Structure formats: C-alpha cells, structure tokens
Protein chains: 2
Amino acid sequence: MTDRHQDLAGGFPETDHDHASCVDEALDRAVAICERRQVRLTPLRRRVLQAVWSSHKPVGAYNILTMLTNERGTTAPPTVYRALEFLLENGLIHRIESLNAFVGCTKPGQDHAWQLLICRACGRVAEISDGKLDHAIADAASRAGFILQRRTIELAGLCSACRDSGPAQRDGDGALV
Amino acid sequence: MTDRHQDLAGGFPETDHDHASCVDEALDRAVAICERRQVRLTPLRRRVLQAVWSSHKPVGAYNILTMLTNERGTTAPPTVYRALEFLLENGLIHRIESLNAFVGCTKPGQDHAWQLLICRACGRVAEISDGKLDHAIADAASRAGFILQRRTIELAGLCSACRDSGPAQRDGDGALV
DNA sequence: GTCATGCTGATATAGTATAACATTTTCGTT
DNA sequence: AACGAAAATGTTATACTATATCAGCATGAC
Ligand SMILES: [Zn+2]
Ligand SMILES: [Zn+2]
Ligand SMILES: [Zn+2]
Ligand SMILES: [Zn+2]
C-alpha cells in the first residue's frame, strides 16, 4: 500500500536517501489534499511547505523568512506565519512546541494521531503514529476524567543512527557526516 | 502516606480548595529538597517559586517579572529566567512548552515521569504521573530504536469540572465562578 | 581577611509571534 | 467586460519570549 520505501525503523529516513523525492511527494500530496478540501495551495503556501520540507530537521519561521527574503525581496513575518497557519490547519505540517519550529507531516490527509521523535544528536525529527501509545494517552485522559482535545507528544533523545555512531560522527550543522 | 487531600480525580484541585496551603506545602518541600540537594533556595528563588504557585494556572516569565517589579522595583528578565532555570533543574517546577509558561511540580524530589493536562476552559493545569502511559511511551520509543531522554507530554482539553459545567460558567479570567 | 565561587544587577540584544490596516488577487455574478 | 464580495498578500508597527555579557555583591572555605 505504501510507496514510501525510504524509512528506517522508527521513522527516521536513511541518511543517504533521495530527499528530493520526499519533497516532491510532499508537494504532490499537498496539491491533491488541497484540491479535495477545496482550499487554495497558492504559490506562497506551496513555497513555504517546500521550505519546511527542505530537510527532516525542524525549520523555524524566521529561517523560512530568510529564504523568502533572499528569493523575492523583503518579506515580513506575517507572510510566513499566515502560510504556516494554513499548512497547520490543513494537516500538512506539524509544529514542534519545544523548539518553536515546524516539520512536514508524513501522513497528510489521514487525520492521524502522531508523536514526534527528536534526535538531539543529528537534529532530525521522525513522526510516528503509534496506536498503542495513543491508546494509552486516551486511557490516561479518561482515567483523569479529562476530555482530550489536543495532544502534544515530543520525545527527545537519540535516533538509532546516532545511537550507534556516537556524537563524534556529527558535523557542525548537526547532520551525520 | 500522602498529606495532600485536596485533589479531585485527574489531579485538578477542588475549585474551592485552600490554595494557601498548596503554596505553603510547595515552599516547605522546596526548602527540604534544596537542603538535601545542597543547593541554595535564596529569597529570590523562593519568591519566584511562590509566584509560579500563585495559582494552578500556567504562569509566564513576564508575569513573574511584573510581580517582582511591583514588589521590589525594576527587575530585568534574566533575574526571573535564572531563578526559573534553577527551579527547573531542581525539579520544583515544570515548563509547559505549548504555552511558554510554568507550573509548580506536585511531586518534587521524587524523580518522576509526568504528563500535563491543560484545561482550555478554566486554564488550570493538572500534573499526572500515569505509569501505564509512561510505559507505553517507553515501549514506543523502544520499538522505534530510539533512546529516550526527555518527554514532553501536554494534553489539552476539558477538566472534569469544566466538562460538566460548560463554558458559560467561566469568568473573564478563565476561572470557574 | 582573602579568595574563589556563586548569585544578582544591569544593559543590550536576539528570537518568536501577532495586531491592524492597505492593497491585490480571485472568482462568481451581472 | 464590469462589478463586487471574499480571500490572500503586503506593510507597518508592536508585543511577547529569551539570552549574552559584563559588573557588583554575597557566601562560605581556608
Ligand atoms: Zn527526505
Ligand atoms: Zn540522530
Ligand atoms: Zn491549590
Ligand atoms: Zn477546567
């Protein structure tokens, strides 16, 4: 069923995967989803989505702002934040609260519960959708008499690649060498 | 074993509980913990802890800054942030990433895993320590080959009191009437 | 008392996000 | 094609959150 063949265990991609195809897939899906939902994926929004997908690391709003300013001249924060808001509303990206940054959603258009794994060594983020974990969350909320509306699940640590290679294997940007 | 007798189900306190004793207990415990850990709970740090405990709602750093400025004249941000950092390091408060704010820890000195329930109606936050949930988190990380170092678990929704009373029961400050 | 350390004060600046209003684009209707 | 409503973007200003840096002071060991 899935055509995404580049995942390692845990949702982190192979370090040498073809990332251009990640981006292409994400953009293609976004086009389809926005058409289905009757919302407009304008060139600006599409460009911001592409910027979020520029890597598997979290991207900050002001990073995107810098990219846009370089490409098309001075751009103001609301331009970026409005596009990000659109992408969030339509489930195309996720916000990482603990980092004030964003990553592309790997299961757009599927109305899923997700959890984020954040590698502190390489800086990459993996999105998982662990049913047992989400069930445990629902149970815990229920036991507390709490009506659950929104989950923020961010787990920081070491991805399997970094666990094996150790911190000496990273470059200045946090990427694996 | 516990002398905290004011909890409703789910960790939210009774709306008419004696909050002064919450604060007193928190400060007393902090004194004991800091003594045991050989760290200094200075008057400033103690005052900031008290400010965080001023309610069961999240308190922002700049809220505290305003309180301090009112009490003792102009105070600069680093004064507050350094005290908050100390309190975080010593497990006396928790940071709520999704709100850029802080709440007092209800189990200080116990090296526990915690999860936060954030009521969107009354604004209060409950800390739970659900073993099954934490176990599910550890399992999910393990399945992903991920070495877990830090968990951010923030669940937003409606507490049992607000679930029953509905939004009309709230005052302008978000507190139950 | 001296010294090293840790804590606080003070100034400046960096980083993140939104309010408010103006202009342009889009798209259906006339 | 002209019009008008709604949506999107541009623009300016400002609010909110957080940290770097250096100076001065308090504490406790010796
Ligand atoms: Zn990729
Ligand atoms: Zn990694
Ligand atoms: Zn209380
Ligand atoms: Zn409530």
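For clarity, every value in this text was computed on a predicted model and none was experimentally measured. Below, chain A is the first sequence line, B the second, and so on; all start at residue 1.
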Item to complete: Sorted by first residue and then second, give each salt bridge (Lys or Arg N to Asp or Glu O under 4.0 Å) pair with at least one member in residues 89-114 of chain A; sequence neighbours left out.
Response: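 Qualifying pairs: Arg95(A)-Glu97(A).
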Worksheet item: Quick one: side chain to side chain contact (heavy atoms under 4.5 Å, CB included) partners of Ala138(B), sequence neighbours excluded?
Response: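 Per chain and number, Ala138(B) pairs via side chain to side chain contact (heavy atoms under 4.5 Å, CB included) with no residue.
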Whole Å only: how far is the [atom1] atom of [X] from the [atom2] atom of [N]?
{"X": "Gln38(A)", "N": "dA8(D)", "atom1": "CD", "atom2": "P", "result": "13 Å"}
{"X": "Phe86(B)", "N": "dT5(C)", "atom1": "CZ", "atom2": "C1'", "result": "15 Å"}
{"X": "Leu65(A)", "N": "dT18(C)", "atom1": "CG", "atom2": "P", "result": "14 Å"}
{"X": "Leu44(A)", "N": "dT11(D)", "atom1": "CG", "atom2": "P", "result": "12 Å"}
{"X": "Ile64(A)", "N": "dA17(C)", "atom1": "CD1", "atom2": "C1'", "result": "13 Å"}
{"X": "Glu85(B)", "N": "dC7(C)", "atom1": "CD", "atom2": "P", "result": "11 Å"}
{"X": "Leu41(A)", "N": "dA7(D)", "atom1": "CG", "atom2": "P", "result": "18 Å"}
{"X": "Leu68(B)", "N": "dA10(C)", "atom1": "CG", "atom2": "P", "result": "13 Å"}

Fill in: Proximal nucleotide (of dG9(C), dA8(D), dT8(C)) relative to the Thr42(A) side chain
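Side chain of Thr42(A) sits closest to dA8(D).
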Worksheet entry | Within 45° cone and under 6.0 Å: Arg124(A) NZ/CZ vs Phe12(A) ring |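 The answer is no; the distance or angle limit is not met.
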Worksheet item: Which residues satisfy the side-chain hydrogen bond (donor to acceptor under 3.5 Å, both in side chains) test with Asn63(B), sequence neighbours excluded?
Response: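 Asn63(B) satisfies side-chain hydrogen bond (donor to acceptor under 3.5 Å, both in side chains) with no residue once adjacent residues are dropped.
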Discussion item. Which Ile, Leu, Val, Met, Phe, Trp or Tyr residues join Leu158(B) in one cluster when any pair of side-chain heavy atoms under 4.5 Å counts as a link?
Written reply: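 So far as hydrophobic clustering goes, Leu158(B) is joined with Ile147(A).
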Worksheet item: Closer than 4.0 Å, any side-chain N/O of Thr79(B) to the OP1 or OP2 of dG9(C)?
Response: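 Result: yes.
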Discussion item. Strictly below 4.0 Å: does Arg72(A) bring a side-chain N or O up to OP1 or OP2 of dT9(D)?
Written reply: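 No, because none of the side-chain N or O atoms of Arg72(A) sits under 4.0 Å from OP1 or OP2 of dT9(D).
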Practice prompt. Starting from the 5' end of DNA chain C, give me the residue, Thr74(B) or Val39(B), whose nearest nucleotide shows up first.
Written response: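 Its nearest nucleotide lies further toward 5', so the answer is Val39(B).
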Practice prompt. Any chance you could list the contact pattern along nucleotides 17-30 of chain D? Use B for base contacts, S for sugar-phosphate-only contacts and - for none, protein heavy atoms under 4.0 Å, 5' to 3'.
Written response: BBBBB-----S---
Item to complete: State which residues pass ring-ring contact (aromatic ring centres under 6.0 Å, His included) with His112(A); sequence neighbours excluded, sorted by chain then number.
Response: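 By the ring-ring contact (aromatic ring centres under 6.0 Å, His included) rule, His112(A) matches His94(A), Trp114(A).
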Practice prompt. Indicate yes or no: at least one non-hydrogen side-chain atom of Val39(B) is less than 4.5 angstrom from one of Asn90(B).
Written response: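 Answer yes - side chains close enough.
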